[in-house]
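Atoms within a ligand are numbered from 1 in the order they appear, just like the ligands themselves. Quick note: numbers below take in every heavy atom, side chains included, and nothing from hydrogens, waters or symmetry partners.
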Amino acid sequence: MKTCTACGQTNPEQARFCLSCGTPLASAAPRGEERKVITILFADLVGFTTKAEQLDPEAVRGMLDPYYAQLRGELERFGGTVEKFIGDAVMAIFGAPVAHEDDAERAVRAAFAIQAAVAAMNAADPDLGLRVRIGVNTGEALVVLEARPSEGEAMVAGDVINTAARLQTAAPPDGIVVGEATYRATAHAIDYEALDPQQVKGKALPVAAWKAVATRYVRSRRETSRAPLVGREPEMAVLRERWEKVRSSRRPALLTLLGPPGIGKSRLLREFTAELGATAVFWGRCLSYGDGITYWAVDEMLRDAAGVMHSDEDSTMSAKLSSLVESLGGSDAAEARTLTVALGTLIGSSTTGTGGDSRARISRTELHWAIRRVFELMARRGPIALVFEDLHWAEPTLLELIRYIADGADGSILVVGSSRPELVETRPEFVADSEGERRTLALSALTAAQSETLLSGLLGAPELPAGAVERLLRNAGGNPLFLEETVGMLAAAGISDVGGGKLLERVESLPVPSSLQSLIEARVDQLPPREKKAAQHAAVVGGVFWSGAVAHLNESRDGLDQDLETLERRDLIQAAATSSIESEDEYAFKHILIRDVAYGELPKARRAALHSRIAEWISALPGAEDQYVEIVAYHLEQACRLVREVGRTTVVAPVAAATQALARAGERAERLEGFREAARFYTRALDVLGATDNEQRLGLRLRRGLVLKALGELGQATTELVEIERRALVLERPDLRCEALIALANIDGKQGRPADARRRLEEAETIVRAIDAPRLLVQQVFEHSAFRAHFDSAADVAINDLRRVFPTVETLGDRSLLMEGHMRLGTLLFNVGRLAGAEWELTECSKLAAEAGSFRAKARADSLLGFVKYYRGEFGDIRDRSRRSSAR
Ligand SMILES: Nc1ncnc2c1ncn2[C@@H]1O[C@H](COP(=O)(O)OP(=O)(O)OP(=O)(O)O)[C@@H](O)[C@H]1O
Ligand SMILES: [Mg+2]
């Protein structure tokens with residue numbers, strides 16, 4: 001069996017196109033595992049075991065078979081997959097292998113449908129007396145994509161399943177109980193009663209639970225926010241102009257708004273139709289699930305027109321429909337009769353929910369004609385607008401009907417639709433322009449300024465820290481819904497009790513809001529497997545990625561360009577005009593949330609392996625050693641973190657490589673005098689390395705201690721260095737100990753503890769005499785000479801010591817050390833009045849500093865050179881020099 005990635009339909013192995021929706025089916029290459037948010041439904045018969053004991057096995061079977069068939073039918077109708085039967089219980093999954101944005105709602109609606117079906121069965125056979133308990137729960141699980149539940153293969157694993165089973169046992173007979181995530185995801189569409197938290201087996205804390213009472217009829221999938229409309233003036237103008245044309249020409253027209261979820265299609269349609277007056281507008285939606293809903297949108301429109309309620313009896317409904325047709329004043333009685341029958345079949349069949357039986361009595365052509373005729377008659381009283389929401393879920397038949405109205409109706413009928421971009425791919429003929437008239441209008445993201453306006457509209461209260469605003473705007477990427485949901489999440493967390501800095505942290509660490517997560521997951525799941533894999537691999541590379549990197553993770557470049565094109569067409573990614581890596585095409589995810597969701601779908605162990613591979617690719621780029629070391633370090637670090645999080649996996653954490661890369665990134669930061677950054681890199685390296693008290697750890701701590709000292713955080717540096725010195729003794733690493741001693745002596749000197757400084761310098765001297773470590777020797781001599789000159793007033797000795805060590809400095813070939821040597825010597829010579837020597841040394845230092853781009857060192861050397869000149873009486877030159885050094 002092959003499962004369609006677009007609609008979830010199972011198809012025979014040899015099928016090349018989906019039997020249900022026509023999407024091309026991928027070959028059945030294994031697709032591995034994914035982490036997904038799924039909803040689990042457990043349904044169990046109450047007290048059936050006792051009953052079964054008293055019956056003949058064949059009678060039991062005779063009772064249960066129809067029940068299971070009904071159950072499966074209802075579950076599948078709402079897009080669920082029956083995973084297994086456990087005794088009398090059934091477990092079904094919504095959201096895997098293919099996610100829908102409303103899986104939780106589908107599951108609860110399916111639960112009600114099961115209840116209704118069981119009630120109908122009991123009514124038909126009073127001996128049956130079946131009673132079911134249902135539990136529904138939503139949460140993250142690991143999903144095996146190619147599992148065949150029909151073969152008894154487990155498809156999902158995770159705590160969400162156990163909890164669903166427990167909630168089911170907590171449900172009363174004929175009751176439906178849901179867990180918290182399900183409740184939150186469906187509260188807008190279902191009426192609930194809160195239950196006491198349930199104490200369940202195997203759970204430390206009680207589990208929050210709600211009893212589902214009734215399904216609600218909802219007009220739209222989403223509440224409109226109260227924030228005022230921002231922008232969209234040009235789009236409003238197009239809509240108004242189209243309306244005007246329809247009105248004056250008495251001809252129909254069709255316009256479909258296109259855009260990704262949340263961009264504001266429905267909002268725009270609501271704003272526009274509000275201008276037209278309630279009687280002119282008919283509104284209908286396409287549903288994402290269930291059978292027999294082809295004409296749902298038209299039903300809604302006609303129901304509204306006739307004032308038919310969902311609760312109306314058949315006779316009431318018929319009466320209302322006839323009076324509608326009458327009021328329209330059709331041409332003759334025969335026509336009026338045909339119209340009433342047609343509308344009756346259309347609406348009646350959806351009211352009773354029995355599908356096509358009665359509909360079969362009239363042909364599709366007749367039905368379409370009747371619908372168009374009714375709208376034409378309505379338009380005689382004044383122009384009308386038919387709004388078809390969510391056309392990406394429309395059945396081909398409905399699209400045909402819409403074209404039939406928009407192409408051939410006689411009268412002022414404006415048909416406006418909303419759809420996500422995939423319609424362009426799946427139904428190109430529907431969106432094609434006609435007679436030179438554009439039939440689509442694409443909605444793009446809000447601009448940064450518009451987003452900011454919307455943000456303040458949403459927050460009501462002003463004054464967020466600039467950093468938090470910027471982060472919020474960046475996360476939303478101009479999508480109003482994303483902005484709204486993120487603000488909603490912040491509000492739930494209590495914006496008022498997070499002070500400025502904390503809020504920023506909060507924004508940084510916000511997870512993807514769960515409503516958006518399922519929305520985006522559904523979009524990603526609609527991708528064919530190859531494109532989906534490309535998206536997931538790209539997500540590992542990051543919010544910004546390069547095609548070569550994805551090819552490296554794919555282990556092939558074949559078809560990648562097309563895959564990326566598809567992702568672009570579906571508005572998930574965007575090509576960048578220029579690339580930060582030469583000879584590589586650069587792309588970015590449309591929103592960082594899309595990246596986060598695609599990334600989150602990969603199992604952690606797999607992510608870890610991919611991070612290691614991407615580090616490999618980046619390391620092989622020209623100039624990677626220096627330029628990209630931070631990026632390499634980041635990926636290796638992620639690999640280590642993920643392996644640690646999973647605990648048990650065969651994937652090996654690249655601890656050594658990660659530590660090394662982070663340390664290199666730290667050194668690079670030090671070279672660029674970014675000491676804070678350097679300290680952070682060393683801390684990250686230490687985190688990756690873990691608690692093992694080895695020499696490498698000590699080395700990193702030493703580097704961090706030295707950086708702290710450079711930052712002037714002397715207290716913290718001292719504590720750390722003292723500890724390092726002690727441990728180095730234990731680990732027998734005299735080199736590390738010596739470096740710590742020298743640094744400590746320097747701090748002692750600065751803080752006026754010459755006795756301590758002297759002791760430490762002498763200890764360091766003993767060490768450098770004993771081991772062969774030229775660099776340490778140099779450092780020791782540098783520090784010691786300064787001490788002698790300052791505390792022992794022995795500048796000449798100090799100068800001699802420095803001169804003696806200079807050849808070693810030169811052989812080491814380290815520019816910063818050489819610079820330091822010249823500076824120290826220059827300063828001492830200046831202090832004892834040897835101006836010529838001082839000038840030479842300082843000039844050397846200044847030259848080296850200029851070459852190295854070290855402004856600080858150059859400024860120091862230059863200002864001292866100014867004094868040298870001053871003492872030699874060369875005033876003219878000083879002004880120049882000091883001006884240059886202070887300009888830095
Ligand atoms: N221009 C805008 N100004 C203010 N709020 C907006 C704007 N556009 C959209 N919104 C708000 O953003 C949210 C999402 O918009 P809407 O529901 O219209 O998206 P959509 O494009 O219809 O998405 P979907 O494809 O999921 O139906 C709504 O709450 C809406 O009020
Ligand atoms: Mg919408």
query: Which bit of Q450 gets closer than 4.0 Å to ligand 1, counting heavy atoms only: side chain, backbone, both or neither?
result: neither
query: Quick check: does E101 get an N/O under 3.5 Å from an N/O on ligand 1?
result: no
Salt-bridge present (R403, E400; N to O < 4.0 Å): no
message: I need the atoms of ligand 1 closer than 4.0 Å to a non-hydrogen atom of P228, numbered in the order shown.
response: 3 (N), 4 (C)
- request: Report the relative orientation of the aromatic rings in Y183 and W210; use parallel for angles under 30°, tilted for 30 to 60°, perpendicular for over 60°.
  value: parallel
- line: Within 4.0 Å of some non-hydrogen atom of D390, the atoms of ligand 1 are 27 (O)
message: Any nitrogen or oxygen of G231, side chain or backbone, less than 3.5 Å from one on ligand 1?
response: no
query: Taking distance alone, with no angle check, do R232 and ligand 1 share an N/O pair under 3.5 Å?
result: no
task: Identify the two heavy atoms, one from A409 and one from P252, that lie closest to each other, and give their separation to 0.1 Å.
output: O-CD, 3.2 Å
message: I need the atoms of ligand 1 closer than 4.0 Å to a non-hydrogen atom of R420, numbered in the order shown.
response: 24 (P), 25 (O), 26 (O)
field: Distance-only side-chain donor-acceptor flag, H537 / Y599, under 3.5 Å
entry: no
message: Under 2.8 Å from the Mg ion (ligand 2) - does any N, O or S atom of S266 fall there?
response: yes
query: Relative to the heavy atoms of L454, which atoms of ligand 1 are at a distance of less than 4.0 Å?
result: 4 (C), 5 (N)
- line: Checking heavy-atom distances from atom 18 (O) of ligand 1 to each of R267, R285, E235, R270, the winner is R267
- prompt: Do you know the tightest heavy-atom contact between A385 and L276?
  reply: CB-CD1, 3.9 Å
Enumerated ligand 1 atoms positioned under 4.0 Å from heavy atoms of I263: 8 (N), 19 (O), 21 (O)
field: V524 vs I520 side-chain heavy atoms within contact, under 4.5 Å
entry: yes
query: Does a side-chain N-to-carboxylate-O contact under 4.0 Å join E34 and K36?
result: yes
- request: Not counting sequence neighbours, list each pair that qualifies as a side chain to side chain donor-acceptor pair (under 3.5 Å) and has a residue in residues 230-244.
  value: R240-E275, E244-R247
- line: Minimal heavy-atom distance between R438 and L255, with the atoms involved, is O-CD1, 3.7 Å
task: Ignoring angles and geometry beyond distance, decide whether L229 reaches within less than 3.5 Å of ligand 1 through its nitrogen or oxygen atoms.
output: no
query: Is G259 close to ligand 1, meaning an N/O of one under 3.5 Å from an N/O of the other?
result: no
